[in-house]
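Here's the structure, in structure tokens; my notes come after.
This structure is a prediction, so every number in the text was calculated from the model and none was measured. In what follows, every chain begins at residue 1, and chains take the letters A, B, ... in the order their sequences are listed.
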Protein chains: 2
Amino acid sequence: MASPKSAPAADRKARLSRELVLATALELVDAEGLDALTMRRLGQELGRDPMSLYRYAENRAALLDGVSELVLNELPVHEEDPDWKAQLRQIAHNLRLLALQHPNVVPLLVTRPLSTPLGLRPLGTLRPLEQILALLVGAGFSPADALHVYRAYYGFLYGHILNELQEFVVDPEENEVLLRLGLHRLPAKEFPLLRALAPALAEYDGSAELDQGLTILLSGLESQLSLQPAHSPA
Amino acid sequence: MASPKSAPAADRKARLSRELVLATALELVDAEGLDALTMRRLGQELGRDPMSLYRYAENRAALLDGVSELVLNELPVHEEDPDWKAQLRQIAHNLRLLALQHPNVVPLLVTRPLSTPLGLRPLGTLRPLEQILALLVGAGFSPADALHVYRAYYGFLYGHILNELQEFVVDPEENEVLLRLGLHRLPAKEFPLLRALAPALAEYDGSAELDQGLTILLSGLESQLSLQPAHSPA
DNA sequence: ACCTGAACACCGTTCAAGT
DNA sequence: ACCTGAACACCGTTCAAGT
């Protein structure tokens with residue numbers, strides 16, 4: 001109907017490339033969830049023999065890795081920023097938005113690294129880590145301290161995203177609070193507190209909560225680490 | 001070989017029950033990973049027709065929910081403990097150990113809640129939440145504050161587990177540091193810091209890190225919340 | 001040398017046929 | 001009413017056969 005170039009899926013005979021394959025895979029996951037991403041279905045979406053996809057991804061698993069790589073690459077890290085706290089804050093908010101934009105990819109982001117040793121992971125998923133380490137080292141942290149900061153930061157950030165997405169409901173039409181959360185189904189005897197918290201749950205402001213947590217975490221890390229002898233800054 | 005009662009899997013003709021089905025499913029996941037948990041394979045493990053499993057779980061998805069429920073039920077919460085910080089600390093360490101004992105289940109714990117609205121989740125997975133809220137309210141927090149504390153705590157805890165399991169390598173035989181982490185494969189130009197941190201990564205002490213983080217988090221939460229008017233304690 | 005697609009060994013789930 | 005298992009509509013991946 002529309003111009004044949006508007007969507008990769010419709011552009012049946014574009015020359016295949018890893019980029020096109022992964023972009024189409026991401027579209028599919030965003031639109032229909034992880035289960036819809038099969039070799040056969042993706043082949044169909046691209047108007048190609050499913051077998052041809054094995055030129056661009058060794059595996060279905062590699063395809064999944066490729067998708068999370070693609071999403072993580074949308075996350076810019078300015079490692080030269082002299083204000084590491086401001087930069088970490090910005091990255092956190094950007095990652096949060098990315099997660100909200102691609103909720104179906106979050107399980108991948110969180111889960112894929114668990115099945116592959118650090119050094120064998122796709123480079124695209126390791127780059128943000130290296131860049132954040134560089135940011136911190138550039139700001140005067142020792143590499144070991146930078147690792148420590150990274151871990152606290154990353155743990156908090158992923159924890160927050162899991163928290164927020166758990167309470168996020170896809171269909172915003174159904175806005176009757178109790179119905180949305182389905183809390184009315186819980187036995188009142190066993191879950192009095194949870195049921196009573198329905199309004200509080202509905203009012204959850206993820207961005208504010210993230211920001212508040214970051215403030216505490218970053219100042220905590222700063223005070224903890226500034227006691228130690230500083231590296232000479234670049 | 002051994003007594004036919006020793007392992008469910010060997011005890012071919014035990015009467016089926018939800019408990020037996022889920023326990024066998026967990027064994028299978030622990031031993032061979034999530035992908036090995038199929039209706040057909042589980043039926044085989046139990047010596048039954050795969051279709052008979054649909055009496056105990058509506059779905060494969062329900063089976064997965066059942067497995068995470070089973071693991072979470074191994075987590076005792078003493079909601080009457082007057083020292084909420086000590087109790088949260090203990091729960092955290094217990095959950096960490098549970099995660100290390102069942103690493104293949106962690107993706108389920110982290111991921112399943114993302115696909116089901118709060119109120120439709122299996123009660124077993126909601127009970128720890130309700131119990132922790134009760135613990136906090138019992139200690140004098142308002143319900144809304146309790147929710148806030150729970151979220152910070154839960155986020156931190158799951159973030160930590162994801163962190164630790166990412167660096168955890170299953171096969172401890174292969175103990176040459178660089179090989180274990182596979183870091184030598186990374187291009188030195190692009191990943192100088194990450195490569196240099198191999199020894200630090202190998203020395204990671206999850207329990208100590210968890211404990212340190214908890215100390216900061218809990219005292220932060222306490223000081224933040226004790227400024228507000230306290231509820232009358234039970 | 002490259003690409004295609006038939007074939008294999010699996011899946012989850014439905015539902016008709018048996019008891 | 002309950003249980004069984006054949007059948008359906010899918011999977012990922014291998015590899016022989018074509019070009």
Taking side chain as C-beta onward, heavy atoms only, is [X] less than 4.5 Å from [Y]?
X       : Y       : value
L34(A)  : V67(A)  : no
L63(B)  : Y56(B)  : no
L118(A) : L126(A) : yes

Presence of [X] side-chain N/O under 4.0 Å of [N] phosphate oxygens OP1/OP2:
X      : N       : result
S52(A) : dC3(C)  : no
N59(B) : dT13(C) : yes
R55(B) : dC3(D)  : yes

Distance check needed: [N] [atom2] versus [X] [atom1], whole Å only.
X      : N       : atom1 : atom2 : value
L16(A) : dC3(C)  : CG    : C1'   : 13 Å
L63(B) : dG12(C) : CG    : C1'   : 12 Å
L53(A) : dC3(C)  : CG    : P     : 13 Å
D35(A) : dC10(D) : CG    : C1'   : 13 Å
R48(A) : dC2(C)  : CZ    : C1'   : 15 Å
Y56(B) : dC2(D)  : OH    : P     : 12 Å
R60(A) : dC11(C) : CZ    : P     : 15 Å
E32(B) : dC10(C) : CD    : P     : 13 Å

Residue T38(B), side-chain atoms from C-beta onward, closest of dT13(D), dT4(D), dC11(C):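 Selected nucleotide: dC11(C).
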Between dT13(C), dC11(C), dT13(D), which nucleotide gets closest to the side-chain atoms of R41(B)? dC11(C)
First encountered from the 5' end of DNA chain C, between M39(B) and D49(A):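 Between the two, 5'-proximity favours D49(A).
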Tell me which nucleotide, if any, is Watson-Crick or G-U wobble paired with dG12(D) when both distances must be under 3.5 Å.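 The base-pairing partner of dG12(D), which may sit in any strand shown, is dC8(C).
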For dC3(C), give its Watson-Crick or G-U wobble partner with both distances under 3.5 Å, or none. none
For R40(B), report the nucleic acid contact type (base, sugar-phosphate, nothing); a contact means any heavy atom under 4.0 Å. base
With a non-hydrogen cut-off below 4.0 angstrom, is M51(A) in contact with a base, only sugar-phosphate, or nothing?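 Since a base atom lies under 4.0 Å of M51(A), the category is base.
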Taking atom CZ as the centre, does R41(B) end up with more than 12 heavy-atom neighbours from other residues, nucleotides or ligands that are less than 6.0 angstrom away? yes
Donor-acceptor pair, E130(A) side chain versus L194(B) backbone, under 3.5 Å?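 Such a contact is found between E130(A) side chain and L194(B) backbone.
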